[in-house]
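Here is the structure we will look at.
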Amino acid sequence: MLSKLFFSNLIFLLCVSSRTAAAHSFVQRYDLPLPLSYYLAGAGSAVFLAFLLLLTSQKGSNAQKSGHQIDLTQTILGRFINAHSTQFFFQFFSVIVFIVIIGAGLFGHQKELARNILPTMVWIIWWVGFAFFCALIGNIWPAINPWLNIIRLLNRFFPKLQFRPRIDKNPQWIGPLLFLIFAWMELVWTQNSVPQFLAIAILVYSLVTWTGMFFFGPEKWLSNCEIFTIIFELFGKFAPIVRDNSGRLLLRPIAIGLQSSAPLTFPMTVLIITLLATVTFDGFLHTPTWQAIYNWGFGLGYEISLVSTFGNQFVRTLIMTAGLLLFPLGFFCIYLATCFLTGKLLSSGNNQKCDPVYLATRLILSLVPIAIAYHLSHYLSLLMFDGQRIFPLLSDPFGIGWNLFNTAYWEPDISVLNAKFLWGFAFFAIVSGHIAALYLTQRSENSLFPDLIKIWVFRLPMLVLMVGYTILSLWILAQPIVET
């Protein structure tokens, strides 16, 4: 059982960790051996056939969450991770790294962004690379969260400084709002790579986080409002290694943690939809369709743009912000409409609760594999190309001429990936992510409506959604790297 589980997870990780397409700063084009429409039709057909296979192979209504899990607590890896010295090292190390990169942002080199470690560390190594780690290996964010670790260290030296709940209300809507602000900074804000501005933004977020912990308590704030804790935990539910509530370190099948028997809160549902929509919007920005929309919008604001450079930037920011807001809104409306149709198909012959909002909160975790697949597919090229800048920056984080680790003159290798590789694995990633989402959806529907397990009609709305989004995702990812 151990070898079977290990190799099944290993094969999946090798495939997923390589799949990605999307091409930030990718200049080479790839001429597809077949028309793009053939690939899109094939991807949609694969998801549909997977739906039929899953429908005919289901043996029960509920998955055993605890089955096929292997306890790693007493292994060398488990003992190393659980050791107090290891935990303290990671806590202390994360705080030191946090201080260094903030210091580099405030006081390091400002004119050449490639000579300051903060932008590369935040946008590539952490937001992209660490998200990969959480999804493909396991979520270690609770151990290295610098905001939480600073509180832990303060409690060590100042025991009377207690961060306990002072407000009873649950701040559920702060998380989606903070994530939308973060997405705006990533995709719209033109100064998001200027070290000083980025460092100030991080300090503002730190102040908000510590204030929230002080009034609501660390546990309540982290689980509802600290957006990176929420997102990395969601990604970690997909991962093969997890720590359960009793502290055990477990090896489990991929994505089993996303099987849920209880609905999420409505704000958490909105946050997951926003996460999925914003990464799709990031890819959509590289398509000719968006360029046409942008040119049309810029034409409407042409008179404003003529006033000054500020007017030009204002029109651009307005168009980008509108797109960023409309994408999550459109995604949410489509998802809610899908849940509404599912509920309608069930309500006539079943007495179970079929409210579309309830179904939306109950099935939302099944969309997380799509978010992970698209995140991997869209950002792998960014991580593999621009991420290589971290090697010289480790030796000279402030851009002042240091060579601490003898890597200051590291030259990036642009041949690590090519467009053919990116497209092939992007195709595999998107199709696999949607099939995994379809599997989780059917498992959730089976637990909700066990007496309708053999009836496939009520599953059609979600199937149409999955097939349509598979085709849309691949079309978006293909635009920067392929010749159609």
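Just so you know, these numbers come straight off a predicted model, no measurement behind them.
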For a ring pair (Phe, Tyr, Trp, His ring centres under 6.0 Å) check, start with the C-alpha distance between F90 and W141, then their side-chain angles and the critical distance, and finish with the verdict.
CA-CA 10 Å; F90 279 111; W141 179 247; over 10 Å; no
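- At least one donor-acceptor pair under 3.5 Å links the side chain of R316 to the backbone N or O of V188.
- Nearest heavy-atom pair across W423 and A478 is CZ3-CB, 3.5 Å.
- Nearest heavy atom pair, residue L40 against residue W475, reads CD2-N, 3.7 Å.
- Panel note: side chain E226, backbone T229; a donor-acceptor pair is recorded below 3.5 Å.
- Distance alone, capped at 3.5 Å, is enough to place a donor-acceptor pair between the T287 side chain and the F284 backbone.
- The side chain to side chain contact (heavy atoms under 4.5 Å, CB included) test with W147 is passed by exactly one of V208, V95, L222, T209: T209.
- Classification of the F228-W126 ring pair by plane angle, with boundaries at 30° and 60°, yields perpendicular.
- By the neighbour-count criterion of 12 heavy atoms within 6.0 Å, atom CH2 of W127 is densely surrounded, having more than that number from other residues, nucleotides or ligands.
- Remark: I76 CD1 is loosely packed, at most 12 non-hydrogen atoms of other residues, nucleotides or ligands lying under 6.0 Å away.
- One finds the CD1 atom of I430 at 11.5 Å from the CD1 atom of I435 (value rounded to the nearest 0.5 Å).
- In this structure, Q87 contributes its side chain and N82 its backbone to a donor-acceptor pair below 3.5 Å.
- No side-chain heavy atom of N145 sits under 4.5 Å from any side-chain heavy atom of F232.
- Atom OH of Y205 has more than 12 neighbouring heavy atoms from other residues, nucleotides or ligands inside a 6.0 Å radius.
- The distance from atom CG of L249 to atom OG1 of T75, rounded to the nearest 0.5 Å, is 6.5 Å.
- Within the 3.5 Å criterion, the main-chain N or O of F80 finds a donor-acceptor partner in the side chain of T86.
- If you take CG on N192 and CH2 on W184, they are separated by 9.0 Å, rounding to the nearest 0.5 Å.
- For P263 against T361, the heavy-atom pair with the smallest separation is CB-OG1, 3.4 Å.
- Within the model, atoms CZ of F130 and CZ of F133 stand 7.0 Å from one another, a figure rounded to the nearest 0.5 Å.
- Side chains of Y409 and N403: a donor-acceptor N/O pair is absent below 3.5 angstrom, by distance only.
- Between V368 and L276, the closest side-chain pair of non-hydrogen atoms is not below 4.5 Å.
- The closest donor-acceptor contact from the side chain of R252 to the backbone of A239 lies under 3.5 Å.
- Within the 3.5 Å criterion, the main-chain N or O of C134 finds no donor-acceptor partner in the side chain of N139.
- Across all their heavy atoms, V47 and L463 have their closest contact at O-CD1, 4.4 Å.
- Side-chain atoms of F51 and V467, non-hydrogen and from C-beta on, never get closer than 4.5 Å to each other.
- Between H378 and H286, the angle of the ring planes lies from 30° to 60°, which puts this pair in the tilted group.
- When each of T278, L367, I334 is checked for a side chain to side chain contact (heavy atoms under 4.5 Å, CB included) with I273, only L367 meets the rule.
- To the nearest 0.5 Å, atom CG of residue L207 and atom CD1 of residue I202 are 14.0 Å apart.
- Scanning both residues, F405 and S395, for their nearest heavy atoms gives N-OG, 3.0 Å.
- Ring pair F331/Y335: centre-to-centre distance not below 6.0 Å.
- One N or O on the side chain of Q110 and one on the backbone of Q196 form a donor-acceptor pair closer than 3.5 Å.
- Looking only at distances, no side-chain donor or acceptor of D386 sits under 3.5 Å from a matching main-chain atom of L382.
- The six-membered or imidazole ring of F182 lies near that of W123, with a centre-to-centre distance under 6.0 Å.
- Between S206 and F98, the closest side-chain pair of non-hydrogen atoms falls below 4.5 Å.
- With rounding to the nearest 0.5 angstrom, the CZ atom of R443 is 13.5 Å from the OG atom of S366.
- Ring geometry for F425 versus F428: interplanar angle over 60°, hence perpendicular rather than tilted (30 to 60°).
- With hydrogens and angles ignored, the 3.5 Å screen pairs no side-chain donor or acceptor of H375 with any backbone N or O of A371.
- No side-chain heavy atom of Y374 sits less than 4.5 Å from a side-chain heavy atom of H434.
- Ring centroid separation for the pair F427 and Y38 does not come in under the 6.0 Å cut-off.
- The heavy-atom pair separating Q388 from M384 by the smallest distance is NE2-O, 2.8 Å.
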